[in-house]
Amino acid sequence: QVKLAESGGGLVQAGGSLRLSCAASGGTFEDYNIGWFRQAPGKEREEREFVAGITWNGDITDYGDFARGRFTISRDNGKNTVYLEMNRLIPGDTADYYCAGDDRPAWGGPDKYPPGYTIWGQGTQVTVSS
């Protein structure tokens with residue numbers, strides 16, 4: 001089965017940028033649509049917020065309203081990796097960021113809701129200072 005591992009988090013000043021990576025190992029990465037979710041400090045796992053998603057072949061992407069125009073999701077199936085480029089970061093973006101995999105058909109685009117995702121990484125922490 002595919003396992004996911006996030007990297008690239010860290011501390012950045014407001015207005016800065018970070019690129020998160022979600023690397024897959026084992027299984028068939030192309031079987032999965034990938035979503036990025038975030039969990040803000042003090043929030044429960046059930047309150048994870050959709051950040052961005054991308055279908056298995058990269059044809060369809062979608063974003064949370066707060067991410068649209070600032071964040072870009074992409075994937076390289078040859079490297080078994082999905083990327084999340086985050087620009088113009090604000091303190092409100094501070095959270096643990098998780099990537100997750102969904103192997104169902106996504107005709108209408110990636111699912112925005114966490115229960116649809118069956119595999120999850122351990123998360124990477126992003127802190128944006130003011």
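Scanning both residues, W36 and S21, for their nearest heavy atoms gives CH2-O, 3.6 Å. When all heavy atoms are compared, the tightest approach of L20 to Y97 is CD1-CB, 3.6 Å. Listed here is the closest heavy atom pair of V82 and R75: CG2-CB, 3.6 Å. When all heavy atoms of E6 and Y98 are compared, the pair lying nearest together is OE2-CA, 3.3 Å. The minimum heavy-atom distance between T28 and V2, with the atom names listed, is N-CG2, 3.6 Å. Across all non-hydrogen atoms, the minimal contact from G92 to R38 is O-NH2, 3.8 Å.
Proximity of W56 to I34: side-chain heavy atoms (C-beta onward) are nowhere separated by under 4.5 Å. For the pair V51 and L84, the minimum side-chain heavy-atom distance is below 4.5 Å.
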Legend entry - Stepwise side-chain contact (heavy atoms from CB on, under 4.5 Å) check, F66 with I90: CA-CA 11 Å; F66 64 87; I90 61 175; over 6 Å; no
Inset, instruction - Assess whether side-chain contact (heavy atoms from CB on, under 4.5 Å) is satisfied between Y32 and I119, documenting all intermediate values. - result: CA-CA 10 Å; Y32 291 86; I119 56 172; 3.7 Å; yes
Inset, instruction - Show your working on side-chain hydrogen bond (donor to acceptor under 3.5 Å, both in side chains) between D76 and T81 and close with a plain yes or no. - result: CA-CA 5 Å; D76 183 341; T81 303; over 6 Å; no
Inset, instruction - Give the intermediate values and the outcome of side-chain contact (heavy atoms from CB on, under 4.5 Å) for residues L89 and L18. - result: CA-CA 8 Å; L89 286 161; L18 282 175; 4.2 Å; yes
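Here CD1 of I73 is found 8.5 Å from SG of C22. Values are rounded to the nearest 0.5 Å. For the atom pair CD of E49 and CG of D65, the computed distance is 9.5 Å after rounding to the nearest 0.5 Å. A distance of 8.0 Å separates CD of Q39 from CZ of R45, quoted to the nearest 0.5 Å. From S17, atom OG reaches atom CD of E85 across 6.0 Å, with rounding to the nearest 0.5 Å.
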Output side-chain donor-acceptor pairs under 3.5 Å for residues 102-111, partner residues at least two apart or in another chain, one line each.
from: D102; atom 1: OD1; to: R104; atom 2: N; distance (Å): 3.0
from: D102; atom 1: OD1; to: R104; atom 2: NE; distance (Å): 2.9
from: D102; atom 1: OD2; to: R104; atom 2: NE; distance (Å): 3.4
from: D102; atom 1: OD2; to: R104; atom 2: NH2; distance (Å): 3.0
from: R104; atom 1: NH2; to: D111; atom 2: OD2; distance (Å): 2.6
from: D111; atom 1: OD1; to: Y113; atom 2: N; distance (Å): 3.0

For residues 120-130, which side-chain N or O atoms pair as donor and acceptor with protein atoms under 3.5 Å away, sequence neighbours left out?
from: W120; atom 1: NE1; to: Y117; atom 2: O; distance (Å): 3.3
from: T124; atom 1: OG1; to: G9; atom 2: N; distance (Å): 3.1

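For the pair R70 and Y63, the NZ or CZ position fails the cation-pi test of under 6.0 Å to the six-membered ring centre and within 45 degrees of the ring normal.
Less than 6.0 angstrom separates the ring centroid of F37 from the ring centroid of F50.
D62 places no side-chain N or O within 3.5 Å of a backbone atom of G53 that could act as its donor or acceptor partner.
A salt bridge between D96 and R48 is absent, with no side-chain N of the basic residue lying under 4.0 Å from a carboxylate O of the acidic one.
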